[in-house]
Amino acid sequence: GSQDCDLTINLYNEKSTVWDLRKIIHDGLKERYPGTEFTFQPADLIAKILNFGSPSPIDVQVKGMDIYANYEYARKLQSKLRKIPGSSDVVIQQTMRTPTLLVEGLRTFGLDVDRRESDIALNMLITTNGTQQIDQKYWLDLKTGISYQINIYDPQPQVASINDLNTIPVKREGEAALYEKYELLGNLTQESPVGTPGLVTHKGVMPLIEVYVSAEGRGLGGVLEDVKKIVDEMKDEVPRGSTVKISGQAETMVSTYGELLIGLVAAVVLIYLMLVINFQSWLIPFIIITALPGALAGIAWSLFLTQTNISVPALTGAIMAMGTATANSILVVSYALERIAEHGDKLQAAVEAGKARIRPVLMTASAMIIGMLPMALGGSTNAPLGRAVIGGLMFATVYTLFFVPCMYALIYHTRSVPKAKESVPQHGKRSRRRKAFMATRKPLLNSGIPDMEKLGKKTR
């Protein structure tokens, strides 16, 4: 509406502290212009998409048939939401008190001079808004072939006060000349200032009042919890037949976090089951996934040290880091299995696996860490993803090269792993006959009967 004004401020310094500048501008404007509301809407496209087109991440919707009762409830709710620590730009989207001048016709005077309500409305509309609202006319330029819309109205400087409005001439519909017989608008009407809805929103067929809440200097999840508490406390004050619902990015964020956490657990379980099928063992996959706690610890530390909140990109990066950590752990354990089958020494197999696989593990982790550095150091929305991947892989690599072999040696220390037998080449029927002969000779040796083959050799 005409009471609103949008300003776009461009910052030449990309490293400017946007939140500090917003606080300075907000406090300064409120001090210089009391009674005026100032809000900061999302400036970049990504924030608008995450808010689903809403100017704030938290949207408290009051829906019901009695729009005025809902608006009064929303004002009470707004005053309490502004007291929440970390809340900012708490505003009501719908304006119900837009300054409006109500012009009511005096029917008695109108009948005396033969003027109807439609005559008053028609002359006011033409004077203030032009003829294009009731009778659209176009003029065609024959030289260029372009049509121009013709709109006849009084210049705005000539209709700038109530006195100017009262001097509007009112003629009857169909009269050609005003100078023959006309009346002034002030003689036929009575003006009074009122407040009317400046924006009416519907959800379905129900009128909707929205209270927007943003977060500043505090996590969005904490602000959302406080908003839910206040809404629950005021549930007895909700107008009859109306409902209150919290929507927006914050509500979607909570559900998305739950789905991502379920996906994270499901990913670990599916990885474990696939490894069970691959290795035909329940114990070896358990040794492999012991590197995942290290990845989770690295993710937590990286987000804490960089002062990064948990977000959807951060959880996505956590899943990526855990997948890479599992792949590196498989390399170490697979090689340890090969070595232990070769010589049967569990501790030696663990040490050899750590030494032999250090190069491929470091190459894989380093390649992914270097690739994520530009994303993590930048200020984009996906920066938490890069930071989570880097922190998770740094810790997971140490776990893979040191902790996983130790776990392998400790667990297999209590299990007997048979040493692989050397294979003896066999050649046809002769080898089978010799094998059968040796099997029949063993009982004779045990009974004390001399070896006939040796005796035969001595005789020869």
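The analysis underlying the following values was restricted to heavy atoms, covering all of them including side chains, and did not include hydrogens, waters or symmetry mates. Computed from a prediction, not measured in an experiment: that's the story for all the values here. One is the number of the first residue; the rest follow in order along the sequence.
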Trace of the side-chain contact (heavy atoms from CB on, under 4.5 Å) decision for L188 with L106: CA-CA 5 Å; L188 305 175; L106 301 176; 5.9 Å; no
Greater than 12 external heavy atoms within 6.0 Å of Y153's OH: no
Flag side-chain contact, heavy atom, 4.5 Å: Y138 against Y148: no
Other residues, nucleotides, ligands: >12 heavy atoms within 6.0 Å of M394 CE: no
Salt bridge (Lys or Arg N to Asp or Glu O under 4.0 Å) evaluation trace for K23 with D27: CA-CA 6 Å; K23 189 175 186 306; D27 295 342; 3.1 Å; yes
Derivation and outcome, side-chain hydrogen bond (donor to acceptor under 3.5 Å, both in side chains), residues T326 and S329: CA-CA 5 Å; T326 304; S329 184; over 6 Å; no
Any residue meeting side chain to side chain contact (heavy atoms under 4.5 Å, CB included) with E117, in chain and number order, not counting sequence neighbours: R107
side-chain contact (heavy atoms from CB on, under 4.5 Å) between I25 and F40, worked out: CA-CA 10 Å; I25 295 173; F40 288 90; 4.0 Å; yes
Gap between atom CZ of R97 and atom CD1 of I92 - 0.5 Å precision: 9.0 Å
Other residues, nucleotides, ligands: >12 heavy atoms within 6.0 Å of I230 CD1: yes
Rounded distance (nearest 0.5 Å) linking atom CG of L7 with atom CG of L29: 8.5 Å
Polar side-chain atom of Y68 near backbone of M96 as donor-acceptor pair, under 3.5 Å: no
Point-to-point distance, once rounded to the nearest 0.5 Å, from CD1 of I369 to OG1 of T364: 10.5 Å
For the student: nearest non-hydrogen atoms of A314 and L303, plus distance: CB-CD1, 4.2 Å
Polar side chain donor-acceptor pair, T400 to T397, under 3.5 angstrom: no
Exceeds 12 heavy-atom contacts within 6.0 angstrom, atom CE of M234: yes
S87 side chain to A215 backbone, donor-acceptor under 3.5 Å: no
Under 3.5 Å donor-acceptor, S56 side chain and Y212 backbone: no
Approximate separation, where rounding is to 0.5 Å, of M206 CE and T243 OG1: 7.5 Å
E191-T189 side chain donor-acceptor pair, cut-off 3.5 Å: yes
Approximate separation, where rounding is to 0.5 Å, of D154 CG and I126 CD1: 10.0 Å
Under the side chain to side chain contact (heavy atoms under 4.5 Å, CB included) test, residues paired with P155 that sit two or more places apart: P157, Q158
Worked check of side-chain contact (heavy atoms from CB on, under 4.5 Å) between M372 and M375: CA-CA 5 Å; M372 288 292 175; M375 183 186 297; 4.2 Å; yes
Side-chain H-bond candidate by donor/acceptor type, Q149 with K137, under 3.5 Å: no
Donor-acceptor pair, side chain of T127 and main chain of M124, under 3.5 angstrom: no
Side-chain donor-acceptor contact under 3.5 Å, S247 with Q61: yes
Side chain N123, main chain D119, donor-acceptor under 3.5 Å: yes
Residue pair E72 / N70, side-chain donor-acceptor N/O under 3.5 Å: no
Salt bridge flag under 4.0 Å for residues D89 and R22: yes
Ion pair R82/E37, N-O distance below 4.0 Å: yes
Donor-acceptor pair, side chain of S242 and main chain of V238, under 3.5 angstrom: no
Sidechain-backbone polar pair: H202 side chain, L208 backbone, donor-acceptor under 3.5 Å: no
Ring pair (Phe, Tyr, Trp, His ring centres under 6.0 Å) involving F403 - partner list, sequence neighbours excluded: Y399
